[in-house]
Enquirer: 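Pasting a structure below so you can have a look.
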Amino acid sequence: MGKYEELAKQALENVGGIDNITHVAHCATRLRISYAKKSLVNIEALEHMPGSAGIVNKQGQVQIIIGPSVNDAYNDFISYSGWKETGGGRRRRGRGRRSAQPDVLGEQVR
């Protein structure tokens, strides 16, 4: 992990966990995390993350302002969260808050 590990951890937690994320990308200065349910996003906590110069929240997306080292923040977020983009913009599960689901044998999968 790099210098944005704590930001990655807090961002994942405060956007509602991996199950609430629909897409992750970045532009020249911002880490962009799209989400499904606004009610799961903690805007106040996102505004006070270390390594962030602020956030913009609009149209189902949190934009975390990082600056020119945003690529490092993006890579740390992907590494920490386990996010993987799949066809059609869907995701594969990684780390983070999610509901327990029974597996084939009836045990809880976490």
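Basis for what follows: all heavy atoms, side chains included, without hydrogens, waters or symmetry-related copies.
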Enquirer: Looking at side-chain heavy atoms only, is the closest gap between V24 and L31 below 4.5 Å?
Expert: yes
Enquirer: What's the spacing between N42 CG and E13 CD if we round to 0.5 Å?
Expert: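 Between N42 CG and E13 CD, I get 8.5 Å after rounding to 0.5 Å.
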Enquirer: With heavy-atom distances below 4.5 Å as the criterion, would you say the side chains of I65 and I55 are in contact?
Expert: no
Enquirer: Taking C-beta and beyond as the side chain, do V62 and N14 meet within less than 4.5 Å on heavy atoms?
Expert: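 A side-chain contact is absent here, since even the closest heavy-atom pair is not under 4.5 Å.
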Enquirer: Answer whether the closest heavy-atom distance between the side chains of Y35 and L40 falls below 4.5 Å.
Expert: no
Enquirer: Taking the side chain as everything from C-beta on, heavy atoms only, tell me whether R30 gets closer than 4.5 Å to V56.
Expert: yes
Enquirer: Are any of the side-chain heavy atoms of V15 and I33 separated by less than 4.5 Å?
Expert: yes
Enquirer: What closest approach, in Å, do K3 and D76 show between heavy atoms, and which atom pair accounts for it?
Expert: N-OD2, 3.5 Å
Enquirer: Tell me which one of F77, Y80, Y4 satisfies side-chain contact (heavy atoms from CB on, under 4.5 Å) with K9.
Expert: Y80
Enquirer: Are L7 and I43 co-members of a hydrophobic cluster defined by side-chain heavy atoms under 4.5 Å apart?
Expert: yes
Enquirer: Identify the two heavy atoms, one from L46 and one from Q10, that lie closest to each other, and give their separation to 0.1 Å.
Expert: CD2-O, 4.4 Å
Enquirer: Less than 4.5 Å apart, side chain to side chain, heavy atoms only: is that true for H26 and R32?
Expert: no
Enquirer: Quick one: closest heavy-atom pair of S34 and Q61, and the distance?
Expert: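 Taking every non-hydrogen atom into account, OG-NE2, 3.4 Å.
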Enquirer: With a 4.5 Å cut-off on side-chain heavy atoms, are I64 and M49 touching?
Expert: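 Answer yes - side chains close enough.
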Enquirer: Between N20 and K37 (side chain of the first, backbone of the second, donor and acceptor by atom type, cut-off under 3.5 Å), is there such a pair?
Expert: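 Yes, N20 side chain to K37 backbone: donor-acceptor pair under 3.5 Å.
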